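Presented below is the structure to which this report refers.
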Amino acid sequence: MKTLVLYSTLGCHLCEQAKALMWPIMTAAGYALEEVDIADSEELLARYRISIPVAKNPDSGEELFWPFDDEQVRNLLE
């Protein structure tokens, strides 16, 4: 199964909104979600501190910064 990564952190309401938007699109396309808490890594915290949520396709390396919409998520999965 293919995976889509969501960089987020605990208590991030925008991250919850992003997940709710992404979930039906991902599951229909056969993707699983891997949530990565940026607070667990100094490197990720430095990189994404003011940018979360960020969706990333690990296969292509392409990242999608919030705010994003359905069409952008579909394009990220292609």
Side-chain angles (χ1 to χ4, degrees):
M1 178 174 272
K2 296 179 182 179
T3 302
L4 189 65
V5 175
L6 180 66
Y7 294 108
S8 64
T9 198
L10 188 63
C12 171
H13 72 281
L14 296 176
C15 300
E16 294 302 320
Q17 290 176 8
K19 229 181 342 185
L21 176 117
M22 293 166 50
W23 195 258
I25 299 165
M26 291 173 34
T27 55
Y31 276 76
L33 179 65
E34 176 187 348
E35 261 191 283
V36 176
D37 191 332
I38 65 168
D40 295 336
S41 164
E42 288 297 322
E43 178 185 341
L44 294 176
L45 193 57
R47 183 172 182 179
Y48 297 116
R49 178 184 309 264
I50 61 170
S51 302
I52 59 171
V54 177
K56 181 176 183 177
N57 183 327
D59 293 334
S60 68
E62 184 180 351
E63 295 179 330
L64 190 56
F65 291 80
W66 187 259
F68 45 80
D69 60 27
D70 294 8
E71 184 177 342
Q72 291 172 303
V73 172
R74 284 187 198 91
N75 289 338
L76 183 65
L77 300 178
E78 292 178 353

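What's counted below: heavy atoms across the whole structure, side chains too, no hydrogens, waters or symmetry copies. All values reported here derive from a predicted model rather than from experimental measurement. For reference, positions follow the sequence shown, starting with 1.
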- Taking every non-hydrogen atom, the tightest pair across A32 and M1: CB-SD, 3.5 Å
- Quick one: sort the Y48 and Y7 rings into parallel, tilted or perpendicular, breaks at 30° and 60°. parallel
- Item | Smallest separation among heavy atoms of D37 and T9, with atom names | OD1-OG1, 2.8 Å
- Less than 4.5 Å apart, any side-chain heavy atom of L4 and any of N57? yes
- Electrostatic pair K19:E16 at N-O distance under 4.0 angstrom: yes
- Query: Any link between L45 and V54 through a network of hydrophobic side chains (Ile, Leu, Val, Met, Phe, Trp, Tyr) touching at under 4.5 Å?
  - Reply: yes
- Considering all heavy atoms of both residues, which atom of A55 and which atom of L76 are nearest to each other, and what is their separation? CB-CD2, 3.8 Å
- Message: Minimum heavy-atom separation for I25 and R74, please, with both atom names.
- Response: CG2-CG, 3.7 Å
- Stepwise, does the side-chain contact (heavy atoms from CB on, under 4.5 Å) test hold for W66 with Q17? CA-CA 10 Å; W66 187 259; Q17 290 176 8; 3.7 Å; yes
- Query: Going only through I, L, V, M, F, W and Y residues with side-chain contacts under 4.5 Å, is there a path from L33 to I52?
  - Reply: no
- Message: Tell me whether L14 shares a hydrophobic cluster with M22, the cluster being built from Ile, Leu, Val, Met, Phe, Trp, Tyr side chains joined at under 4.5 Å.
- Response: yes
- Item | Partner residues of Y31 under the ring pair (Phe, Tyr, Trp, His ring centres under 6.0 Å) criterion, sequence neighbours left out | none
- Task: Considering non-hydrogen atoms only, spot the tightest contact between L77 and M26 and give its length.
- Result: CD1-CA, 4.2 Å
- Query: Would I38 and V5 show up in the same hydrophobic cluster when neighbours are defined by side-chain heavy atoms closer than 4.5 Å?
  - Reply: yes
- Those residues that, when tested against T27, pass side-chain contact (heavy atoms from CB on, under 4.5 Å) (two or more places apart): W23
- Least distance between heavy atoms, S8 atom then E35 atom: OG-OE2, 3.1 Å
